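Computed from a predicted structure; not experimentally measured. Below, read A as the first sequence line, B as the second, and so on, with proteins coming before strands; counting in each chain starts at 1.
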Amino acid sequence: MIQVTLKGDVVKEFEAGVCAADVAKSIGMGLYKSACAAKINGNVVDLRTPLTENCTLDILTFDDEAGKKAFWHTASHILAQAVKHLFPAAKLAIGPAIDGGFYYDFDVKKPFSNEDLAALEAEMKKIAKEGIPLTRKEVTPDEARALEKDEPYKLELLEEHAAKGDNLIFYEQGDFLDLCAGPHLMDTSAVKAVKLTSATGAYWRGDSKKATLCRIYGTAFPKSSMLEEHLAKIEDAKKRDHNKIGRELEFFTTSDVIGQGLPILLPKGARVIQLLQRFVEDEEQRRGYLLTKTPLMAKRDLYKISGHWDHYQDGMFIFGDPADETKECYALRPMTCPFQYQVFLNRKRSYRDLPMRLGETSTLFRNEDSGEMHGLIRVRQFTISEGHLIVRPDQLEEEFKGCLALAKFMLETVGLEEDCSYRFSKWDPNRSDKYEGTAEQWDEAQNTMQKILDHLGVKYEVGIDEAAFYGPKLDIQIKNVYGKEDTLITIQIDMLLAKKFGMEYTGTDGQPKTPYIIHRTSLGCYERTLALLLEKYAGALPVWISPEQVRVV
RNA sequence: GCUGUUUUAGCUCAGUCGGCAGAGCACUUCCUUGGUAAGGAAGAGGUCGAGCGUUCGAAUCGCUUAAACAGCUCCA
């Protein structure tokens, strides 16, 4: 017998080997029916997991995050089963639970139409109604290869798992079998309310060089009232879409003959941005920033020094033939860094000159891919509150702290602070071609940043392969009404570019030293900020930045 | 760049089988009116995103192209 500690520290005895689902059943059929997954000693597991020794056990339902994930993951299997029923030639890729629902990727000859989605939804409801039990089995790699012999994508996945020496887990429901780690519901019956929301293209393994698959997005709930509520909430959020209300309220517009990603700020939008810019510039001056105004373009030579020519050429608007070295070639600036460094380089600098805080209301140009543009959030020309702090090593933490305090002050002032999250963006050592510098330099920069963040008590998530090519970043992230996340503010530590540009200061010992550089924005890109403010306030901006504060009737 | 959807009056949209371009709101003029998006009459407003093609005839069918939207990839 083993002792199982349940919710509220209730201890019950069971025979060793009892599974989590049986424990749930012994507590009550209601709990058993709503159980989605379990947590044993804090680890999320499948309900089928046998309990072999004394432990604590939580039964997770749809009300728990992990329970929802298991529910939606099972719904994605039901979708895949429905697709196999109606489109037997479809090849399966992957189908995880995501925020608010699930998706499944398929390789099919013809993309799914809206009619196909309706038919699939009906088929899913049929499968759910049948209450098909799911069974879990663990097999050897050879057995797995035999089971998935007609599924090329699954074979690719299982070889990766097999290479790690693991056995492979399958879940089976009726005539459907899928390589999957779980956890899953006990059967399909709980997935009562289903909505397939869209069908889009997606790349296999997220690689644009690989096959384009058809992805079906959907969501599911135990009750149809919950589904309706969820869909209504999404509809409501879309009413706040800045891309809709920003155009309707005449903050901005676009023009076919001007081009993609080049929004026209109408008087109202321009006024808001003017107010924000004045506020930012004045606040930065109070905090010891020196205002600069540097050119919007430069010869390719500048970008060669900075590394942009090698790492970012595709993203730049270039005048002239970039390959022809015999003629001059210019490019619009995609960032301000190397321009503002020339301010520092203007004359010989002493340690007494540092920290040097440079700020600029800077317009940038980035040749984003045509499918990337989104209202005012993602555009090809935008203006940011750019700044670079050239600091001595002993000033790095204090100045970083200052940047963070400034960012927080800005966010609090405009009212977006509560909606933001923090991401510590690191490099990916496996993709070193994307980054400048050595592993030692990256370790140093990242460790320094981590130390500072931990010291400041910043709560953050880690983003691998999200760094700038010259250094790690603290990104302040925010979500739009569709739940898509973008960077609003960034603070970056750069230990590479100062050396490339020959930036030095004379230390107390009379010797030349290389400074550190902090790249930062204080309120990010004004267009993006305006977009998020419109969404946050549903168009009714706070009075101080409202373009029309009072109207006398 | 990739997958899908969309583009008709200033705005929101209808337009069936290929056969004279439509509605509501907004706009202009006049009338009416102390009541919350006032009512009435008249009027103006269109290269049906653009180009090429099929056809006696194209908003409608085909191809090309641009832009907008959602997703993917990307995002210094």
Side-chain angles (χ1 to χ4, degrees), chain A residues 93-94 98 101 103 105-117 197-218 234 238 241-244 246-250 252-263 303 306-316 331 333-338 364-375 377-380 382 384 386 423 425 427 431 434-436 463 465-473 475 477 480-488 490 492 494 496-497 519 521 524-525 528 553:
Chain A
I94 54 165
I98 53 173
Y103 69 78
D105 287 345
F106 305 94
D107 189 350
V108 284
K109 286 262 164 345
K110 197 168 86 45
F112 298 105
S113 67
N114 285 336
E115 291 73 40
D116 294 337
L117 291 190
T197 45
S198 61
T200 72
Y203 299 112
W204 169 236
R205 316 220 76 176
D207 185 341
S208 58
K209 289 180 197 73
K210 293 193 169 133
T212 298
L213 306 171
C214 291
R215 174 172 300 176
I216 297 180
Y217 283 93
I234 289 173
K238 283 185 190 167
D241 183 355
H242 83 279
N243 211 358
K244 182 173 152 51
R247 289 170 194 271
E248 283 172 5
L249 297 174
E250 299 187 334
F252 78 102
T253 186
T254 49
S255 162
D256 285 9
V257 291
I258 287 183
Q260 245 193 327
L262 298 169
Y303 304 110
S306 68
H308 287 87
W309 200 250
D310 291 333
H311 292 277
Y312 200 65
Q313 198 178 126
D314 289 346
M316 291 198 283
R333 67 178 181 192
M335 36 67 240
T336 323
C337 326
L364 305 179
F365 306 85
R366 299 181 182 184
N367 192 6
E368 304 283 3
D369 285 344
S370 65
E372 294 311 322
M373 265 58 77
H374 172 66
I377 286 183
R378 193 82 184 273
V379 291
R380 281 181 171 151
F382 55 94
I384 65 173
E386 179 87 284
R423 184 179 73 191
S425 299
W427 79 324
R431 301 188 63 181
K434 271 179 74 177
Y435 300 98
E436 294 270 327
D465 198 23
E466 299 283 357
F469 73 75
Y470 48 72
K473 311 189 284 179
D475 290 323
Q477 302 290 105
N480 72 3
V481 289
Y482 293 97
K484 191 180 160 105
E485 194 174 84
D486 272 298
T487 302
L488 190 59
T490 182
Q492 312 168 353
D494 170 7
L496 300 170
L497 290 183
H519 304 234
T521 57
C525 153
R528 186 173 282 185
V553 181

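Remark: A:Asp241 engages A:Tyr482 in a side chain to side chain donor-acceptor pair (under 3.5 Å) (not counting sequence neighbours). A search for ring-ring contact (aromatic ring centres under 6.0 Å, His included) contacts involving A:His308 returns A:Phe469, not counting sequence neighbours. Listed by chain and residue number, A:Thr294, A:Glu360, A:Ser362 satisfy the side chain to side chain donor-acceptor pair (under 3.5 Å) test with A:Arg333 (two or more places apart in sequence, or in another chain). Here A:Tyr103 pairs with A:Tyr217 under the ring-ring contact (aromatic ring centres under 6.0 Å, His included) rule; sequence neighbours left out. Applying the side-chain contact (heavy atoms from CB on, under 4.5 Å) criterion to A:Glu250, with sequence neighbours excluded, gives A:Leu266. Every residue was checked against the ring-ring contact (aromatic ring centres under 6.0 Å, His included) condition with A:Tyr303, not counting sequence neighbours, and none meets it.
For the pair A:Ser370 and B:G1, the criterion of a side-chain N or O lying under 4.0 Å from OP1 or OP2 is met. Residue A:Tyr482 has no polar side-chain atom (N or O) positioned under 4.0 Å from OP1 or OP2 of B:C69. The side chain of A:Asn243 places no N or O atom within less than 4.0 Å of a non-bridging phosphate oxygen (OP1 or OP2) of B:A68. OP1 or OP2 of B:C75 sits under 4.0 Å from a side-chain N or O of A:Lys434. Listed pair A:Arg378 / B:G71 fails the phosphate criterion, with no side-chain N or O lying under 4.0 Å from OP1 or OP2. Under 4.0 angstrom from either OP1 or OP2 of B:A66 there lies no side-chain N or O belonging to A:Gln260.
The main-chain N or O of A:Gly315 is never found under 3.5 Å from a side-chain atom of A:Arg366 such that the two would form a donor-acceptor pair.
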Could you list the donor-acceptor pairs under 3.5 angstrom formed by side chains in residues 198-205 of chain A, with sequence neighbours left out?
{"residue": "A:Trp204", "atom": "NE1", "partner": "A:Glu156", "partner atom": "OE1", "Å": "3.1"}
{"residue": "A:Trp204", "atom": "NE1", "partner": "A:Glu156", "partner atom": "OE2", "Å": "3.4"}
{"residue": "A:Arg205", "atom": "NH1", "partner": "A:Glu160", "partner atom": "OE1", "Å": "3.1"}
{"residue": "A:Arg205", "atom": "NH1", "partner": "A:Glu160", "partner atom": "OE2", "Å": "2.4"}
{"residue": "A:Arg205", "atom": "NH2", "partner": "A:Glu160", "partner atom": "OE1", "Å": "3.4"}

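Here the nucleotide nearest the side chain of A:His374, chosen from B:A70, B:G71, B:A67, is B:A70. Here the nucleotide nearest the side chain of A:Arg366, chosen from B:A68, B:C75, B:G1, is B:C75. Here the nucleotide nearest the side chain of A:Tyr203, chosen from B:U73, B:A68, B:G71, is B:U73. The side chain of A:Asp241 lies closest to B:A70 when the candidates are B:A68, B:A70, B:C72.
B:C74 makes up no base pair with any nucleotide shown, lacking Watson-Crick or G-U wobble contacts both under 3.5 Å. Applying the Watson-Crick and G-U wobble criteria (two distances, each under 3.5 Å), B:A23 pairs with B:U12. With a cut-off of 3.5 Å on both Watson-Crick or G-U wobble distances, the partner of B:U28 is given as B:A42. The nucleotide B:G4 finds its pairing partner in B:C69, both defining distances of the Watson-Crick or G-U wobble pair being shorter than 3.5 Å. Base pairing of B:U36: no nucleotide in any strand meets the Watson-Crick or G-U wobble criterion (both distances under 3.5 Å). The base-pairing partner of B:G62, taking Watson-Crick or G-U wobble contacts with both distances under 3.5 Å, is B:C52.
Atoms CG and CD, on A:Asp310 and A:Glu436 in that order, are 7.0 Å from each other to the nearest 0.5 Å.
Taking atom P on both nucleotides, B:G62 is separated from B:U5 by 12 Å, rounded to a whole Å. B:C11 sits 27 Å from B:G19 when the P atoms are compared, rounded to a whole Å. Only the P atoms considered, B:U65 is 25 Å distant from B:G71, to the nearest whole Å. Rounded to a whole angstrom, the distance from the C1' atom of B:G45 to that of B:C69 is 28 Å. Rounded to whole Å, the separation between the P atoms of B:G35 and B:G43 comes to 28 Å. Annotation: B:A50 and B:U6 have their C1' atoms spaced 16 Å apart (nearest Å).
As a whole-Å value, the separation of A:Ile234 CD1 from B:A70 P is 14 Å. B:C74 atom P lies 18 Å from atom CZ of A:Arg380, rounded to whole Å.
When A:Asn243, A:Asn480, A:Leu488 are each tested for a side-chain contact (heavy atoms from CB on, under 4.5 Å) with A:Ile377, only one passes: A:Asn480.
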Could you list all N or O pairs between the protein and nucleotides 3-13 of chain B that sit under 3.5 Å apart?
{"residue": "B:U3", "atom": "O2", "partner": "A:Gly201", "partner atom": "N", "Å": "3.4"}

What does the list of N/O pairs under 3.5 Å between the protein and nucleotides 59-61 of chain B look like, with a distance for each?
none

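B:C17 adopts a syn glycosidic conformation, its chi angle falling within 90° of 0.
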